[in-house]
Protein chains: 2
Amino acid sequence: MPRSKGAVSIRDVAAAAGVSVATVSRVLSPATADVPMRKETRDKVVRAIDELGYRPNDLARALLHHRTAAIGLVVPDISNPYYPPLVRGVEDVASSRGYRVVLCNTDRDPAKITGYLDTLIKTRVDGIVVAGGGWADVPDRTAVLGRYRTGLVAVGRHLTAHPSVRIDNVAASRAAAEHLIGLGHRRIAFVGGPASSTTVQDRAQGFRDALKASGLDGRAPVVRYGDFTEESGYELTREMLRLARPPTALLCANDRVALGAYAAAADTACRIPDDVSVVGFDDTPIARYVRPTLTTVAIPTYEMGSAAMRLLLAQFEGDGGPALETMPTRLVVRDSAAAPSAG
Amino acid sequence: MPRSKGAVSIRDVAAAAGVSVATVSRVLSPATADVPMRKETRDKVVRAIDELGYRPNDLARALLHHRTAAIGLVVPDISNPYYPPLVRGVEDVASSRGYRVVLCNTDRDPAKITGYLDTLIKTRVDGIVVAGGGWADVPDRTAVLGRYRTGLVAVGRHLTAHPSVRIDNVAASRAAAEHLIGLGHRRIAFVGGPASSTTVQDRAQGFRDALKASGLDGRAPVVRYGDFTEESGYELTREMLRLARPPTALLCANDRVALGAYAAAADTACRIPDDVSVVGFDDTPIARYVRPTLTTVAIPTYEMGSAAMRLLLAQFEGDGGPALETMPTRLVVRDSAAAPSAG
DNA sequence: TTGTAAGCGTTATCAC
DNA sequence: GTGATAACGCTTACAA
C-alpha cells in the first residue's frame with residue numbers, strides 16, 4: 001500500500017520488494033542495464049512494480065537530466081487547414097524519437113505568442129518549432145532561449161537568426177503566373193490573403209515579377225488583399241468579375257481563397273475555366289475533388305514539419321549553427337486553368 | 001554569472017541579489033504575495049531576476065505540488081479535417097485556465113494509443129482527453145490512471161466508465177434520412193466510412209431506422225462501407241451510380257465522402273441534385289463553398305472539445321463521478337438535396 | 001551484488 | 001523580514 005495519500009513512488013516499490021530505492025532504479029534505468037544483479041532480486045522488484053502499477057515519474061528524471069523530451073509547437077491556428085499536415089509532420093518525427101509535442105495556437109497575437117513562449121521556457125521544453133507570422137511585435141527572447149539551452153527552428157522566413165525551413169514563394173508564384181501567361185492570358189489578377197503576411201508578400205512579388213518579365217506590366221498589376229478564407233476569396237472575386245474588363249485569370253493566395261473564387265464564379269454565371277481561369281496555392285485535398293479540378297501549387301507541408309523537427313534534433317546534437325532548408329514546390333496542373341476564350 | 005554550466009536557477013538569483021533562495025521564492029510565489037518584505041529587498045531580487053533572465057523551473061514546482069498543469073489530447077489524426085476544431089476547442093479552454101496540451105496522433109493504432117497513454121502518465125499530466133476510436137484492443141489502464149489521479153474524459157462513446165461528451169449519431173442520421181424521404185426519395189443509399197467505427201455504426205443505424213419507420217425497408221437497405229476519405233466516397237458512389245436502378249439519394253458518412261460523391265457524379269454526368277441528391281455529415285467549411293452547396297449535418301466539434309476540457313476541469317475540482325454531456329446536432333439544408341426528378 | 005546519500009530546482013515550515 | 005532546511009521522486013557516485 002502506497003506510503004501516503006500520494007501516488008505510488010519508487011519508495012513504495014522498494015518497500016514492497018524489500019530492497020533499496022537504488023535497486024529499483026537500477027532495474028528501470030536503461031543506463032544501468034549492464035550492472036550485475038541477482039535474478040531473484042530483479043524478479044522481486046519487477047513483481048512489486050506491476051503489483052503496484054508503478055510508473056516512474058518523468059518529472060523527477062527530467063529535473064535530474066535537464067532534458068524533458070518535450071518540444072513546443074507554435075502555430076497560428078490548427079483549424080486553418082494549412083497547418084494540420086505540418087503539425088502531423090512535426091509530431092511524427094518527434095514521437096518516433098521519443099519527444100512529446102505541446103501545441104500552442106496563437107492567432108498571430110503577439111501577446112499570446114509571448115505568453116506561450118514563456119510557458120514553454122518555464123516548463124523547460126528542449127526546443128520549439130514556430131510556424132506562421134505575427135512575430136513582428138513579439139519581444140525578442142533569443143537571450144532567454146539561449147540561457148536555457150532551448151532550441152528553436154522556424155518554418156517560414158519571419159524569424160531570422162534561427163535555423164529555418166522555407167519554400168521559395170516568390171519563385172513558386174512566378175512559375176504559376178508564367179503558366180497562366182503561357183496559356184495566353186493577358187489580364188491576370190492576384191487575389192490575396194493578408195497584406196501583412198510575408199508569404200502573401202512573396203507570392204504577390206513573384207506574380208509581379210512574372211508580369212514584368214513578360215512585358216505585361218503596362219498597367220499596374222492588379223493585386224487585391226483580404227485574408228486566407230473562402231469568404232475573402234468570394235468577395236474579392238465577385239468584385240473583380242463585375243469590372244468592365246474583368247481579369248481572365250486569377251492567381252489565388254491559397255486554395256481556400258480559390259474555393260471562394262469558384263463560388264463567386266458560379267454565382268455570377270462565369271464558367272471555369274472557359275470564362276475565367278483559377279490557380280490556387282497549397283494543393284489541399286479538396287483541390288483534386290472540386291470540379292473543375294483545381295490547378296494549384298503543391299507545398300510539402302508535412303515534409304516541412306518533419307524537416308523542421310529534424311533540424312531541431314540536429315540542434316540538440318549540437319550540429320553547427322543556423323541552417324536553412326528550402327523545400328521544393330510544384331505546380332500541379334489540373335483543369336481550372338486553360339487558354340482564355342476568344343471573346 | 002550562473003553557477004555551473006547549467007541554466008540559471010533560483011540560487012544564482014539569490015547569490016546575485018545577496019539574499020537567500022527563500023526570499024527569491026517569496027517574490028515569485030503568488031502564494032506568498034502577502035508576507036511582508038522590505039521594498040528594497042524585493043527590488044534587489046527583481047533586478048537580479050531580469051538581469052539574469054531567470055525563469056523559474058516549472059518541473060521543480062510540479063514535483064512539489066503534484067500538478068503539472070498539462071493535459072494530454074489523444075486523437076486519431078490531426079490531418080483529418082474533423083479534428084482541428086475539436087483540438088482548438090480543447091486548447092482554448094485549456095490555455096485560458098493555464099493548462100498546456102500535449103498532442104498525440106494515434107492513427108487508431110492500439111499500440112500507439114497504449115504508448116501515448118503510458119508516456120502521458122509517466123509525465124504526470126493532470127488529465128487526458130481522448131477522441132476517436134481504435135480502443136477496442138487497448139489494454140485497460142483505468143487502474144493506473146486512478147493510482148496517479150489522472151483525469152480522463154472521452155469524446156464519443158468508445159470509452160464508457162469515464163465522463164464523456166457525445167452527439168446522438170443515431171438520431172442525427174435518422175433526421176437526415178427522413179429529410180430525404182420527405183423530399184420523396186425511395187431509393188436511398190448510405191455511403192459510409194469504416195464499418196468498425198462506432199460513429200459509422202450509429203449513423204448507419206439511424207439510416208435504417210428511418211427507412212423502417214417509413215416502411216421503406218422492403219428490400220434490404222443499401223449500406224456500403226469504406227473509409228472517411230474523398231477517394232472512398234468517389235469509388236463507392238461510382239459503383240452505385242452504375243447500377244441498373246441507381247439510388248436517387250446518397251446519405252454520406254461525412255463531408256469528405258460527400259465531396260468524393262460530388263466528383264463521381266460529375267464524372268458520370270450525373271447532376272446534383274437533379275439526378276442524385278447528396279447529404280453529408282460534419283458541416284466542414286467547404287460545405288458552404290462547393291456548388292451546389294452541400295446539405296449536411298452540423299456537428300459542434302469545437303464545442304465538443306471545449307466541453308470535454310471543461311468536464312476535465314470539473315473532475316480536477318472533484319465534481320462528482322462520470323458525467324455525460326450530449327451535444328446537439330443540426331441538419332443544415334442547402335442545395336444538394338431536392339425532390340427526385342420524375343424519371 | 002546491494003545500500004547510502006548527495007543533488008536536480010523549487011516551495012513551505014519553522015526559526016531567528 | 002529573512003534565512004536554514006526538509007521535502008518532492010528520481011539517478012548515480014561511492015561505500016560496503
Side-chain angles (χ1 to χ4, degrees), chain A residues 2-45 48-49 52 54-69 121-124 147-149, chain B residues 2-45 48-49 52 54-69 121-124 147-149:
Chain A
R3 207 163 12 91
S4 59
K5 55 185 174 180
V8 13
S9 83
I10 197 171
R11 292 226 287 279
D12 301 311
V13 178
V19 300
S20 75
V21 294
T23 303
V24 178
S25 177
R26 272 184 209 107
V27 352
L28 275 98
S29 252
T32 42
D34 48 347
V35 318
M37 167 149 58
R38 270 175 39 214
K39 184 175 185 326
E40 191 191 342
T41 313
R42 178 182 301 269
D43 288 349
K44 273 192 306 191
V45 171
I49 285 176
L52 294 178
Y54 170 66
R55 294 290 185 284
N57 186 332
D58 274 346
L59 266 70
R61 295 219 240 242
L63 198 51
L64 233 33
H65 294 134
H66 304 282
R67 204 180 145 280
T68 51
I121 294 173
K122 291 201 303 180
T123 56
R124 298 293 188 268
R147 287 235 205 317
Y148 291 101
R149 311 214 179 309
Chain B
R3 210 162 8 91
S4 57
K5 55 184 172 177
V8 12
S9 83
I10 197 170
R11 290 225 288 277
D12 303 309
V13 178
V19 299
S20 75
V21 293
T23 303
V24 178
S25 179
R26 269 182 212 109
V27 350
L28 276 98
S29 249
T32 42
D34 49 347
V35 318
M37 167 150 58
R38 272 180 31 219
K39 183 173 184 331
E40 192 191 342
T41 313
R42 176 179 306 269
D43 287 350
K44 271 191 308 191
V45 172
I49 285 176
L52 294 178
Y54 170 66
R55 294 291 185 284
N57 187 333
D58 274 346
L59 264 68
R61 295 221 241 241
L63 197 52
L64 231 35
H65 294 133
H66 303 282
R67 205 182 142 279
T68 50
I121 294 172
K122 291 200 302 181
T123 55
R124 298 294 188 266
R147 287 236 205 318
Y148 290 100
R149 311 214 178 309

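Each chain gets a letter, A, B and so on, in the order its sequence line appears, and its residues count up from 1.
- Taking side-chain N and O atoms only, B:Thr41 has a distance below 4.0 Å to OP1 or OP2 of D:dT2.
- For A:His66, counting side-chain heavy atoms from C-beta on, the closest listed nucleotide (C:dC8, C:dT2, D:dC10) is C:dC8.
- Formation of a donor-acceptor pair under 3.5 Å by the B:Ser9 side chain with backbone atoms of B:Arg11 is found in this model.
- OP1 or OP2 of D:dT2 lies within a sub-4.0 Å distance of a side-chain N or O belonging to B:Arg38.
- Counting heavy atoms from C-beta outward, A:His66 and A:Arg124 have side chains that stay 4.5 Å or more apart.
- Comparing atom distances between the A:Ala60 side chain and each of C:dT2, D:dC10, D:dT12 picks out D:dC10 as nearest.
- Judged by closest nucleotide on DNA chain D, B:Pro36 is the one of A:Asp58 and B:Pro36 placed further toward the 5' end.
- Atom pair A:Ile121:CD1 and C:dG9:C1' shows a separation of 17 Å (rounding to whole Å applied).
- Test A:Val27, A:Val13, A:Val24 against A:Val19 for side chain to side chain contact (heavy atoms under 4.5 Å, CB included) and you get one pass: A:Val24.
- Atom CE in A:Met37 sits roughly 7 Å away from atom P in C:dT2 (whole-Å rounding).
- Between the CG atom in A:Leu52 and the CD1 atom in A:Ile10 there is a gap of 12.0 Å [rounded to 0.5 Å].
- To the nearest angstrom, P of D:dT11 lies 13 Å from CZ of A:Arg11.
- The side chain of A:His65 approaches D:dT11 more closely than any other nucleotide in the set D:dT11, C:dC8, C:dT1.
- A:Tyr148 places a side-chain N or O within 3.5 Å of a backbone atom of B:Val8 that can act as its donor or acceptor partner.
- Taking the side chain as every heavy atom from C-beta outward, B:Leu28 and B:Ile49 approach each other to under 4.5 Å.
- Taking atom CG of B:Leu63 as the reference point, atom P of C:dG7 lies 17 Å away to the nearest angstrom.
- Residue B:Arg124 places no side-chain N or O under 4.0 Å from the OP1 or OP2 atom of D:dG9.
- Shortest non-hydrogen contact noted between A:Leu59 and B:Leu63 is CD2-N, 3.9 Å.
- Checking D:dA7, D:dG9, C:dT1 against the side-chain heavy atoms of A:Leu64 singles out D:dG9 as nearest.
- In this structure, B:Tyr54 reaches the C:dT10 phosphate: one of its side-chain N or O atoms is under 4.0 Å from OP1 or OP2.
- Residues A:Arg61 and A:Asp58 form a side-chain contact, since some pair of their non-hydrogen atoms from C-beta on lies under 4.5 Å apart.
- Atom P of nucleotide D:dT11 and atom CG of A:Asn57 are separated by 9 Å, given to the nearest angstrom.
- Distance A:Arg67 CZ to D:dC10 C1': 16 Å, rounded to the nearest Å.
- Shown here for B:Ala14 and B:Ser20, the closest heavy-atom pair between the two residues is CB-C, 3.8 Å.
- The distance between atom OH of B:Tyr148 and atom P of D:dG9, rounded to the nearest whole Å, is 10 Å.
- No donor-acceptor pair closer than 3.5 Å links the side chain of B:Arg42 to the backbone N or O of B:Met37.
- The distance from atom CD1 of B:Ile10 to atom P of D:dA7 is 19 Å, rounded to the nearest whole Å.
- Phosphate proximity of C:dT11 to B:Arg61: present, with a side-chain N or O under 4.0 Å from OP1 or OP2.
- Contacts of residues 19-26 of chain A with DNA chain D (heavy atom under 4.0 Å): A:Ala22, A:Ser25, A:Arg26.
- Taking five base pairs at each end of the helix from C:dT1-D:dA16 to C:dC16-D:dG1, the local helix axes there meet at an angle of 50°, rounded to 10°.
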